[in-house]
Asks: 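Take a look at this one; I'll ask things after.
The basis for the numbers below is simple: all heavy atoms, side chains too, and nothing from hydrogens, waters or symmetry mates. Lettering follows sequence order; numbering is per chain, from 1.
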4 protein chains.
Amino acid sequence: MPDLTRRNEQSRRAILDAALGLLGDTGYAKVTIEAIAARAGVGKQTIYRWWPGKGAVILDALVENATAVTLPDSGDLEADLRLVVRATVAEFADPRLSATTRALTAETLADDELAGQVRDRLLRPQLDAVRDRLRAARGAGQIRAGADLDQAVELIFGPIFHRWLLRTGPLTDGYADGLVDHVLAAIRP
Amino acid sequence: MPDLTRRNEQSRRAILDAALGLLGDTGYAKVTIEAIAARAGVGKQTIYRWWPGKGAVILDALVENATAVTLPDSGDLEADLRLVVRATVAEFADPRLSATTRALTAETLADDELAGQVRDRLLRPQLDAVRDRLRAARGAGQIRAGADLDQAVELIFGPIFHRWLLRTGPLTDGYADGLVDHVLAAIRP
Amino acid sequence: MPDLTRRNEQSRRAILDAALGLLGDTGYAKVTIEAIAARAGVGKQTIYRWWPGKGAVILDALVENATAVTLPDSGDLEADLRLVVRATVAEFADPRLSATTRALTAETLADDELAGQVRDRLLRPQLDAVRDRLRAARGAGQIRAGADLDQAVELIFGPIFHRWLLRTGPLTDGYADGLVDHVLAAIRP
Amino acid sequence: MPDLTRRNEQSRRAILDAALGLLGDTGYAKVTIEAIAARAGVGKQTIYRWWPGKGAVILDALVENATAVTLPDSGDLEADLRLVVRATVAEFADPRLSATTRALTAETLADDELAGQVRDRLLRPQLDAVRDRLRAARGAGQIRAGADLDQAVELIFGPIFHRWLLRTGPLTDGYADGLVDHVLAAIRP
DNA sequence: TAATAAGCGAGACGGTACGTCGGGTCTTTGG
DNA sequence: CCAAAGACCCGACGTACCGTCTCGCTTATTA
């Protein structure tokens, strides 16, 4: 196994940048290990040495660029939720960002190990942030005492994901607000 | 464009059966056009003549085998919903059925045209059946008058999809029931 | 076996014309049974019903269009030979005519039966005409009494074929005349 | 363009050997790039990387195995020529060797570039050796001073080729000797 | 003058090979 | 000993033709 201390940081960055660049420029189908290597000016082996496959590279690239998610706690649960949900919906609606998610989801479907990594390293922070905000709201009595917070979180993000994958409707602020309304109705005391 | 009347029904069936068989026996990665053709005892061209790609073949195979979905209307909305949701959750939990869904979802991510077909021909009937049941319930005053039924439907299926894709929790009857509770809470008067 | 009396003359002509047309227009590589059928506005089966393969079609087309060869007998053997040899050389030098010969030769290399047909139906008349002229010359004492006329004929056409296939030199009147000189030197008394 | 220094010599040899082996064992029609690759235990790409097509592979194989041709100069031109011509005729008569020549000739007919290569790399040495011997003979006054040596060479090999392609007669020692007689008669002083 | 048989255009069919692409591994050469 | 470069074996891609096989339709005998 390779010695992490000898890893070339320049190559690492070039590979991650190339992966994201290709995703944005040419679409998911054209993103191959060979293309990443070529765009990064790197040998294929240098990719295989440090990552198990294309999906892992993309995941690393996204995790690297992901900004820490922190939900505001203004005291007004509805307003706070509206903020995250609108942001999330906008992200899925953006073709650029959507492309990377699409790519990663595709890899995920054929690779259980990767699926776990994506869940834990990329999505969990986001989901946990929302759950923590809900927990605070529950403490404040704005939510039913017995409400299952994990399920509440999925009640928010599941429909977005569903609508994005199936294109069953628009991904707009209006949609986001409606979703928040429904979810709140489900968990309020 | 090929003349539909001259199509060989035997080959058509053999191809769809081969596609499903391979998905069940060897897993998604091994399902290639070449393998389907070989297993069906058919020339590759016969597949390309009638389908644009692997995804379309799988879709046709699933649509062909799909049983018409009809929701019971026992008058008890909660009981009726519990039934569908439990069934859906069980389907996603079953490794065999899950494999085909996984395969189709992967193709979907790289092919917008196919995505639309999957939505309209495979999922819509299921989603519409649920929506119709909800409409009846709304007529009976069991649901808020102003409730958005489409969003309600997504509120049900979205979380299941999400949990299935991300493996964030078990897909059990208990989960199904909890989900129904939440959704009902969101849309009841 | 097909009934010759019911053969459609129009189709037969269309096929032969299409074969020659394709050879002239698109080059040998593009001449396929499918292309011939398409250009002739004919079903593939109509070709396979009457000919064993592409080579046989081309052969028939050439035989049909071939003009009867008759060598003049002016009494002057050298002049008479010069005439045929110049004509033959010119034929091989012409890109259009050369293309069909090339195609036929290629088929010949993979099909012994066809090779015999080409020899007997297409070339023999030409070769025999020259041999007959030589026989007359031998009678007139212009050629050695014991000369092998068949070999003499090959001595004329062999080098032309060789030079044409291998492109070892130009195919001009000058070349033709030089060849005649050499051959005559070989067989004169 | 590929880097010649990195070429795998083992693969190269295996490919050439496989090509010749297939030609000998199964006949020309079965010699495909796929078959060569399979028999050589090599990826198809490795063939396409280094050769433009089947013909070029066969040519290389033949050139590699060709023994340097050197004509003896015993002082007796007739005896020396008889030797080469008999050997050449025997080569064309041998079904094994004939098969490769047939294959190469067929490729040649559809590929001008290859035709030039065959001429220059495979046949020229043979032809030049004979021409050199003739030149020596001319120096010794055994041949007409003004004789065109190139044409003389074609006068020898052309008829052999012609007879081989058209199967107009047997390829025996007797034929070879008769041919030498005629050619010598044509160029003697 | 029907009926019946063949040829016909069309093109789907099971195949084989094509030439290309990308996967993941291995090797060479140079910091 | 990492990294670039890229050759290697492999497997699948989508395409082109092969030669065979139905399909209806037309066209000529034969009853």
Side-chain angles (χ1 to χ4, degrees), chain A residues 2-3 5-8 10-12 14 29-38 40-50 52-54, chain B residues 1-8 10-12 14 29-38 40-50 52-54, chain C residues 2-8 10-12 14 29-38 40-50 52-54, chain D residues 1-8 10-12 29-38 40-50 52-54:
Chain A
D3 176 352
T5 66
R6 312 195 78 179
R7 185 166 190 177
N8 183 326
Q10 266 182 309
S11 297
R12 203 187 119 269
K30 294 274 185 63
V31 179
T32 64
I33 294 275
E34 299 218 319
I36 296 173
V42 138
K44 281 203 287 178
Q45 197 56 43
T46 304
I47 299 182
Y48 283 113
R49 194 171 1 250
W50 302 107
K54 186 168 51 173
Chain B
M1 89 200 53
D3 177 350
L4 282 158
T5 68
R6 313 191 81 173
R7 183 164 190 178
N8 184 325
Q10 269 181 306
S11 297
R12 202 189 119 267
K30 292 272 186 63
V31 180
T32 64
I33 295 276
E34 297 216 319
I36 295 173
V42 139
K44 279 202 285 179
Q45 199 60 50
T46 302
I47 299 182
Y48 284 113
R49 181 153 35 230
W50 303 107
K54 189 169 48 174
Chain C
D3 177 351
L4 283 158
T5 67
R6 314 192 71 168
R7 185 166 189 179
N8 184 326
Q10 267 183 309
S11 298
R12 202 187 120 270
K30 292 273 185 62
V31 179
T32 64
I33 294 276
E34 298 218 317
I36 295 174
V42 137
K44 281 202 289 177
Q45 194 65 289
T46 302
I47 298 183
Y48 284 112
R49 184 156 27 233
W50 303 107
K54 189 170 46 171
Chain D
M1 87 198 55
D3 178 350
L4 283 158
T5 67
R6 313 193 79 169
R7 185 165 189 179
N8 183 327
Q10 269 182 306
S11 297
R12 203 188 119 269
K30 293 274 185 60
V31 180
T32 63
I33 294 276
E34 297 215 319
I36 295 174
V42 139
K44 279 202 286 178
Q45 199 60 52
T46 302
I47 299 183
Y48 284 112
R49 186 158 24 234
W50 303 107
K54 189 169 47 171

Asks: Do you know which two heavy atoms are closest between Gln10(A) and Asn8(A), and how far apart they sit?
Replies: N-OD1, 2.8 Å

Asks: Using whole Å, report how far CG of Asn8(D) lies from C1' of dT28(E).
Replies: 12 Å

Asks: So, OP1 or OP2 of dG9(E): does either fall under 4.0 Å of a side-chain N or O from Thr46(C)?
Replies: yes

Asks: For Arg49(A) and dC2(F), is the shortest distance between a side-chain N/O and OP1 or OP2 below 4.0 Å?
Replies: no

Asks: Between Ser11(D) and dC9(F), is there a contact of a side-chain N or O with OP1 or OP2 at under 4.0 Å?
Replies: yes

Asks: Here's a test of your reading of the structure: between Gly53(D) and Lys30(A), which maps to the more 5' nucleotide of DNA chain E?
Replies: Gly53(D)

Asks: Give me the atom names and distance for the closest heavy-atom approach of Ala40(A) to Ala14(A).
Replies: CB-O, 3.5 Å

Asks: Quick check: does any side chain N or O of Lys44(B) sit under 3.5 Å from a backbone N or O of Ala37(B), one acting as donor and the other as acceptor?
Replies: no

Asks: So, does Trp50(C) get its side chain near the phosphate of dG7(E), meaning an N or O under 4.0 Å from OP1 or OP2?
Replies: no

Asks: Calculate the interatomic distance between Tyr48(B) atom OH and dC13(E) atom P; express it in whole Å.
Replies: 16 Å

Asks: Can you tell me how far C1' of dT16(E) sits from NZ of Lys54(D), to the nearest Å?
Replies: 12 Å

Asks: What are the two closest heavy atoms between Gly53(C) and Ile33(C), and how far apart are they?
Replies: C-CD1, 4.3 Å

Asks: Enumerate all atom pairs, one protein N or O and one N or O from nucleotides 22-31 of chain F, separated by less than 3.5 Å.
Replies:
| unit_1 | atom_1 | unit_2 | atom_2 | d |
| --- | --- | --- | --- | --- |
| dC23(F) | O2 | Arg6(B) | NH2 | 3.2 |

Asks: Counting the atoms with a prime plus P, OP1 and OP2 as sugar-phosphate, which does Gly41(C) contact under 4.0 Å by heavy atoms, base, sugar-phosphate, or nothing?
Replies: sugar-phosphate

Asks: Quick one: does Arg7(C)'s side chain get under 4.5 Å of Trp50(C)'s, heavy atoms only?
Replies: yes

Asks: Rounded to whole angstrom units, what separation is found between the CD1 atom of Ile47(B) and the P atom of dA12(F)?
Replies: 13 Å

Asks: How many whole angstroms separate atom CD1 of Ile33(D) from atom P of dT20(E)?
Replies: 11 Å

Asks: OP1 or OP2 of dC2(F) versus the side-chain N and O atoms of Arg7(A): is any pair under 4.0 Å?
Replies: no

Asks: Please compare Ala40(B) and Ala35(A) by the position of their nearest nucleotide in DNA chain E and report the one closer to 5'.
Replies: Ala40(B)

